[in-house]
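Taking it in order: structure first as structure tokens, then the write-up.
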Amino acid sequence: MKELPLRQEPVRLDKWLWAARFFKTRALAVEAIGKHRIEVNGQPVKAGRDLRVGDRVTLRDPGLPPREIEVLGLSDIRGPAPLAQTLYAETPESQQQREAAREQRRQGVEPALAIGQGRPTKRDRRQLADWQRWSASLD
């Protein structure tokens, strides 16, 4: 398998996130950075920030626990997924949190099933219409 060309000089954060296949396009990476869903070494960043080997990047997706990764390699060229995965390593704490959240979702009750009052079904609407038709008004 061919290797990704690794760089020694720093790479823009948005390019690296795209090359490491966290986002499908650079525009989506820039949008996530703009929404403060990406931090480097615990600090909010801009898309043009230079990323270096050893930096810790925190990715936050809505509804999921934060994902903390350590940068192992730098590249601004998008390659195959197995090669892109060599650019980073997820911390063990982050993996444990994601596994615990996955297990909790698997065992949890579906919120839609727990809702007693929601949008009425067709049968409910017919019963309401029938009840309203025969109820007496106080006008």
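For clarity, every value in this text was computed on a predicted model and none was experimentally measured.
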Side chain proximity check, L128 to R126, heavy atoms < 4.5 angstrom | no
Where A29 and D14 come nearest, the two heavy atoms and their spacing | CB-O, 4.1 Å
pair R12-R26: side-chain heavy atoms closer than 4.5 Å | yes
Mind checking whether S75 and L87 have side chains closer than 4.5 Å, heavy atoms only?
-> yes
Side chain to side chain contact (heavy atoms under 4.5 Å, CB included) between Q127 and D124: does it pass, once the steps are laid out?
-> CA-CA 5 Å; Q127 288 176 345; D124 294 338; 4.1 Å; yes
Find the distance between OG1 (T25) and CZ (R78) and round it off to the nearest 0.5 Å.
-> 8.5 Å
Classify the angle between the aromatic ring planes of Y88 and W16 as parallel (below 30°), tilted (30 to 60°) or perpendicular (above 60°).
-> perpendicular
Side chain of T86, backbone of L83: donor and acceptor closer than 3.5 Å?
-> yes
Working to the nearest 0.5 Å, report the span between CG of L13 and CD1 of I33.
-> 4.0 Å
Under 3.5 Å, is there a donor-acceptor pair between the Q107 and E103 side chains?
-> yes
Test side chain to side chain contact (heavy atoms under 4.5 Å, CB included) on R67 and E90 and set out the steps.
-> CA-CA 7 Å; R67 190 172 179 187; E90 188 170 2; 3.5 Å; yes
Are L28 and L17 linked, directly or through other ILVMFWY residues, by side chains that come within less than 4.5 angstrom of each other?
-> yes
ILVMFWY network linking W18 to I69, side-chain heavy atoms under 4.5 angstrom = no
Quick one: ring-ring contact (aromatic ring centres under 6.0 Å, His included) partners of F23, sequence neighbours excluded?
-> none
Going by heavy atoms in the side chains, are I38 and V57 under 4.5 Å from each other?
-> yes
Here the gap from E93 atom CD to T91 atom OG1, rounded to the nearest 0.5 Å, amounts to 5.0 Å
Rounded to the nearest 0.5 Å, how far does NZ of K15 lie from CG of D50?
-> 10.5 Å
Considering non-hydrogen atoms only, spot the tightest contact between A19 and A84 and give its length.
-> O-CB, 3.5 Å
Only counting residues at least two apart or in another chain, list the ones meeting salt bridge (charged side-chain N to carboxylate O under 4.0 Å, His left out) with R37.
-> none
Minimum side-chain heavy-atom gap R105-L64 below 4.5 Å | yes
Group every Ile, Leu, Val, Met, Phe, Trp and Tyr by side-chain heavy-atom contacts under 4.5 Å, then state whether L51 and F22 land in the same group.
-> yes
Identify all side-chain donor-acceptor contacts of residues 39-47 below 3.5 Å with residues at least two apart in sequence or on another chain.
| unit_1 | atom_1 | unit_2 | atom_2 | d |
| --- | --- | --- | --- | --- |
| E39 | OE2 | R60 | NH1 | 3.3 |
| N41 | OD1 | R56 | N | 2.9 |
| N41 | ND2 | D55 | OD1 | 3.2 |

Only one of Q97, R102, Q95, Q96 clears side-chain hydrogen bond (donor to acceptor under 3.5 Å, both in side chains) with E99; which?
-> R102
